[in-house]
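A short write-up of the structure that comes next.
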2 protein chains.
Amino acid sequence: MVVRGDVYDRNCPTRVIANHATGQWGSLVLGKLLDDGGGTKRFSELRREVSGISEKMLAQTLQALERDGLVHREVHPVIPPRVDYSLTALGTHAAKQISELFGWIEENLPSFMAAQDEYDARRAEKV
Amino acid sequence: MVVRGDVYDRNCPTRVIANHATGQWGSLVLGKLLDDGGGTKRFSELRREVSGISEKMLAQTLQALERDGLVHREVHPVIPPRVDYSLTALGTHAAKQISELFGWIEENLPSFMAAQDEYDARRAEKV
DNA sequence: CAGTATCCTTGGAGATACTG
DNA sequence: CAGTATCTCCAAGGATACTG
């Protein structure tokens, strides 16, 4: 159907943006910014709250999200430096969708774990 | 708030499943299976339709999705081999959410491209 | 504090060839 | 056809140290 921007077509910008928004770090950063209820978060807050992310990946992730127009970056010219990150309108919409999906996965975690157990059991008996 | 299953906590099963479902290949495979309107798709169909995926990654992706209970795998004992993939109830729900998000990105592609252009322009003039 | 810069390692991912 | 096995390589990503 759609040809321009079709996410199933490689080398399509849609796919790149989708990967930023749904990637392992991008999705979590968007989620955390949404949790704040449209407020702002600082670099170090995100670093702490998104468990496992390194400084490098956080910086890189935020840059990609900012470039895509999902995140707004506000620099305060003070010492020590202070930079606030927040969601744009686009980012808020994306974050809501992702957050919903993640919430649904959490809610259904028992079903997922059961599926995994069953899969593993089936594989075990075939050996 | 939530501790067990919290996606923001590393080493949490939720995050692993989320990554399978929203990862660059997983998301596209789920999307393609949904496009088929609850029908089935064969390995080679998916290979063709998800532009850029290799056999290895498709096999690996399908296995992860099957293990998580998102995809059902039906083997027909015929020659030549025939294997049908379809969405489970869980998979259908996940696929719908992802598909919606991707559709929204496609629709708003102009906004994203504009944001990127603006970002690049701002960076260029600062040099 | 909010990043860069650097180095280094792991494994994600492709290509190819083979099998039931 | 639907995979698996193997080899290979590049880039994603982590750790550390440094700077405005």
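In what follows, chains are A, B, ... by sequence order, proteins preceding strands, each numbered from 1.
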Qualifying salt bridge (Lys or Arg N to Asp or Glu O under 4.0 Å) pairs with a residue from residues 79-91 of chain B, counting only residues at least two apart or across chains: R82(B)-D84(B)
Pairing of R15(A) and D6(A) as salt bridge, 4.0 angstrom limit: no
L46(B) CG to dG3(D) P, straight-line distance once rounded to whole Å: 10 Å
dG3(D) OP1/OP2 closer than 4.0 Å to side-chain N/O of R73(B): yes
Contiguous pairing runs of three or more, Watson-Crick or G-U under 3.5 Å, that involve DNA chain C: C:1-20 with D:1-20
Sub-4.5 Å side-chain heavy-atom contact between V7(B) and C12(B): no
Among dA13(C), dT4(D), dG3(D), the nucleotide that comes nearest once only the side chain of Q63(B) is considered: dT4(D)
Kindly give the atom pairs (protein nitrogen or oxygen, nucleotide nitrogen or oxygen) under 3.5 Å for nucleotides 15-20 of chain C.
none

Side chain to side chain donor-acceptor pair (under 3.5 Å) partners for R42(A), two or more places apart: none
Sugar-phosphate, base or nothing in reach of R42(A), heavy atoms under 4.0 Å: sugar-phosphate
Touch class at under 4.0 angstrom, heavy-atom based, for G52(B) against every strand present: sugar-phosphate
Nearest-angstrom distance from the residue atom CD of E66(A) to C1' of dG3(C): 13 Å
Closest listed nucleotide, where the reference is the side chain of S44(A) and the choices are dG3(D), dC1(C), dG14(D): dC1(C)
Heavy-atom side-chain proximity of W25(B) to L58(B) below 4.5 angstrom: no
Nucleotide dA2(D), atom P - distance to CD1 of I53(B) in whole Å: 14 Å
Whole angstrom value for the distance that separates C1' of dG3(C) from CZ of R82(A): 16 Å
Distance, rounded to the nearest Å, where L58(A) contributes CG and dA15(D) contributes P: 14 Å
Atom-pair distance (CD on Q60(A); P on dA15(D)), nearest Å: 15 Å
Whole-Å gap separating P (dA2(C)) and CD (E74(A)): 14 Å
Contact under 4.0 Å: Y85(A) side-chain N or O vs dC1(C) OP1/OP2: no
Atom pairs and distances, donor-acceptor, side-chain atoms in residues 92-99 of chain B, under 3.5 Å, two or more places apart:
| from | atom 1 | to | atom 2 | distance (Å) |
| --- | --- | --- | --- | --- |
| T92(B) | OG1 | T88(B) | O | 2.8 |
| H93(B) | ND1 | W104(A) | NE1 | 3.2 |

Touch class at under 4.0 angstrom, heavy-atom based, for Q24(B) against every strand present: sugar-phosphate
d(CZ, R47(A); P, dT4(C)) in whole Å: 14 Å
Donor + acceptor pair across side chains of H76(B), E74(B) (<3.5 Å): no
Contact check, side chains of L62(B) and L46(B), non-hydrogen atoms, under 4.5 Å: yes
Any L34(A) side-chain heavy atom under 4.5 Å of L30(A) side chain: no
Those residues that, when tested against K32(B), pass salt bridge (Lys or Arg N to Asp or Glu O under 4.0 Å) (two or more places apart): D35(B)
